[in-house]
Asks: 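One structure coming up, written as structure tokens, with questions to follow.
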There are 2 protein chains.
Amino acid sequence: MASEPPEHRFAGVQQHPLVAVDVALFALTGGALYCLLVQVKDGSFAGKWAFPGGLVRADESLDDAAERELFELTGVRGGYIEQLYTFGRPERDPARRVVSASYLALVANLNLSVNAGARYGAVKWFAADKLPPLAYDHDQVGRMALQRLRAKLQYTNIVYSLLPKEFTLGELQEVYETILHRRLDRRNFRKKILALGLLRQLSKKRLGTHRPAALYAFKQKRPMVIEMV
Amino acid sequence: MASEPPEHRFAGVQQHPLVAVDVALFALTGGALYCLLVQVKDGSFAGKWAFPGGLVRADESLDDAAERELFELTGVRGGYIEQLYTFGRPERDPARRVVSASYLALVANLNLSVNAGARYGAVKWFAADKLPPLAYDHDQVGRMALQRLRAKLQYTNIVYSLLPKEFTLGELQEVYETILHRRLDRRNFRKKILALGLLRQLSKKRLGTHRPAALYAFKQKRPMVIEMV
DNA sequence: CCAAAAGTGTTGGTCTTACACCCATGC
DNA sequence: GCATGGGTGTAAGACCAACACTTTTGG
């Protein structure tokens, strides 16, 4: 057997696909779930909406790239972000082969000062259950992101990333009802959530239109797997 | 604002990472879970064990590449395979930047005629809970694969891919006990599994060393999410 | 005083767990 | 006849789902 060059691991010819990340960012407001989309400027998908994203740079990891893309567009750093799935069909971008790792990101409020900058035609929040047809294979990204979000809401504590520091139990419950598309019994919900011991009751109250509600905060804002609902 | 070239989506300079897939293949025998590793031939990890894998070709998707790699090494096609996670730290392979999508694959029996061919120094099954230190970031791949396998065994029916066409309830239970590292009550297990209605009892019996056991088969060999244990 | 959301326990049903003995076969 | 895994039911406890009235505030 002939000796092999040290590069044999890379021996297969490859028209080096580009490597990109795409970020599906979600936020809640007014009892509805929203998703941030950008308008593609050029190419065969010009004018279509898509998840924001871009190429991974030479010196950064996929995670770094996703966080950077999110930061550049929204100014948000340090929120919840996790890798979702990697898409690599050769024809997913007709212009050039691009393999793209998609990410799921969550923020507590959608009043971000997003600006399209030079890269995108526009940036806009869309109701997550009524996304327009998307560019590339981003319809699939959107479906997977929602599915992952729903699943993880139930068996992890990541809901903390969708809420402000202080919130009422009613607001917490509303997050679940909105995303899971089902009504929860208030008494059972409170019992269950409080029994988990993840919340700390604050002495303050949320003064509002009616009876003041006790405010709570998460003791820990760190992903944990735990049966929430 | 200056007009942009149509390639603006690829404007970030990128020293085109290579795109690869790695496959963590598992199989059961004799009440233990095994995992197929190959020995790296060259480079700074020469001699180390790793999951088999290789570059994605120009005309194939990531899934295709993973299935091809698995087939080339083992002759197995059409078993269970799913994408696990994509690793992309710039320094994960010191020789060259490689972004690698890892896959989890399952086969029913480990008596495969694997041959190292020219690419690998050796190919060998290792007990899944005692893997040697692996090359690249494959330790992490191994941990994630096991974790995913354990999780999916519980909330999907993929156990079908680890069993032959016909099996006894005792063998099915053994699969769960082996992978989940816990003993299950035989009566409760049978009750639960049969109540799910996924199995079809065959008229045949497994004749063996002692009392013959009824043979069962899965009605459907297709991934479904369902609470199994 | 009215509207609106907050807060609070109990009960019945379902699901889960624990547990022990007889059976059919090969040797 | 004995060793080995196959096959079976029941009872107690844990968990989950359903359900209605009172409280507190703002207007």
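The chains referred to below are lettered A, B, ... by the order of the sequence lines, with proteins before strands, and numbering in each begins at 1. Atom set for the values below is all heavy atoms of this structure, side chains included, hydrogens, waters and symmetry mates excluded.
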Asks: Would A/Ser102 and A/Asp22 count as having a side-chain donor-acceptor pair, cut-off 3.5 Å?
Replies: no
Asks: Tell me, please, which residues at least two apart from A/Phe218 pass ring pair (Phe, Tyr, Trp, His ring centres under 6.0 Å).
Replies: A/Phe167
Asks: Check whether any side-chain heavy atom of A/Phe26 lies under 4.5 Å from a side-chain heavy atom of A/Leu33, and answer yes or no.
Replies: yes
Asks: Quick one: list whatever passes ring pair (Phe, Tyr, Trp, His ring centres under 6.0 Å) with B/Tyr160, sequence neighbours left out.
Replies: none
Asks: Heavy-atom contacts under 4.0 Å between residues 210-219 of chain B and DNA chain D, which residues?
Replies: B/His210, B/Arg211, B/Pro212, B/Ala213, B/Ala214
Asks: Does B/Tyr155 have any ring pair (Phe, Tyr, Trp, His ring centres under 6.0 Å) partners at least two apart in sequence or in another chain, and if so, which?
Replies: none
Asks: In terms of side-chain geometry, is the basic nitrogen of B/Glu82 or B/Arg148 positioned less than 4.0 Å from the acidic oxygen of its partner?
Replies: yes
Asks: Calculate, to the nearest 0.5 Å, the distance between atoms CG and SG belonging to A/Leu149 and A/Cys35 respectively.
Replies: 10.0 Å
Asks: Which residue, A/Asp185 or A/Leu207, contacts DNA chain D at a nucleotide closer to its 5' end, judged by nearest heavy atom?
Replies: A/Asp185
Asks: Dot-bracket, 5' to 3', for DNA chain C please: Watson-Crick or G-U pairs under 3.5 Å, [ ] where pairs cross earlier ones, | where the partner sits on another strand, dots elsewhere.
Replies: |||||||||||||||||||||||||||
Asks: Partners of A/Ala217 by side chain to side chain contact (heavy atoms under 4.5 Å, CB included), sequence neighbours excluded?
Replies: A/Arg200, A/Leu202
Asks: Among all residues two or more places apart in sequence or in another chain, which pass the ring pair (Phe, Tyr, Trp, His ring centres under 6.0 Å) test with B/Tyr103?
Replies: none
Asks: Heavy atom of residues 164-173 of chain B under 4.0 Å from DNA chain C: which residues?
Replies: none
Asks: Is it true that A/Glu60 and A/Arg68 make a salt bridge, defined as a side-chain N closer than 4.0 Å to a carboxylate O?
Replies: yes
Asks: Quick one: do B/Arg119 and B/Glu69 make a salt bridge, cutoff under 4.0 Å?
Replies: yes
Asks: Using a strict threshold of under 4.0 Å (side-chain N to carboxylate O), is an ion pair present between A/Arg77 and A/Glu67?
Replies: no
Asks: Do the side chains of A/Arg206 and A/Glu171 get close enough for a salt bridge, i.e. N-O under 4.0 angstrom?
Replies: yes
Asks: Establish, yes or no, whether the cationic atom of B/Lys124 lies under 6.0 Å from the six-membered ring centre of B/Phe126 and within 45° of the ring axis.
Replies: yes
Asks: Within a radius of less than 6.0 Å around NZ of B/Lys221, do more than 12 heavy atoms belonging to other residues, nucleotides or ligands occur?
Replies: yes
Asks: So, are A/Lys204 and A/Glu166 salt-bridged, with charged N and O less than 4.0 Å apart?
Replies: yes
Asks: Taking only residues two or more places apart in sequence or in another chain, which ones pass side chain to side chain contact (heavy atoms under 4.5 Å, CB included) with B/Arg187?
Replies: B/Asp185
Asks: Near DNA chain C, under 4.0 Å by heavy atom, which residues of residues 189-204 of chain A?
Replies: A/Arg190, A/Lys191
Asks: Considering only heavy atoms of chain A and a distance under 4.0 Å, specify the first and last nucleotide of DNA chain D in 5' to 3' order that meet this criterion.
Replies: D/dA17 to D/dG26
Asks: What are the bounds, 5' to 3', of the part of DNA chain C that sits under 4.0 Å from heavy atoms of chain B?
Replies: C/dT17 to C/dG26
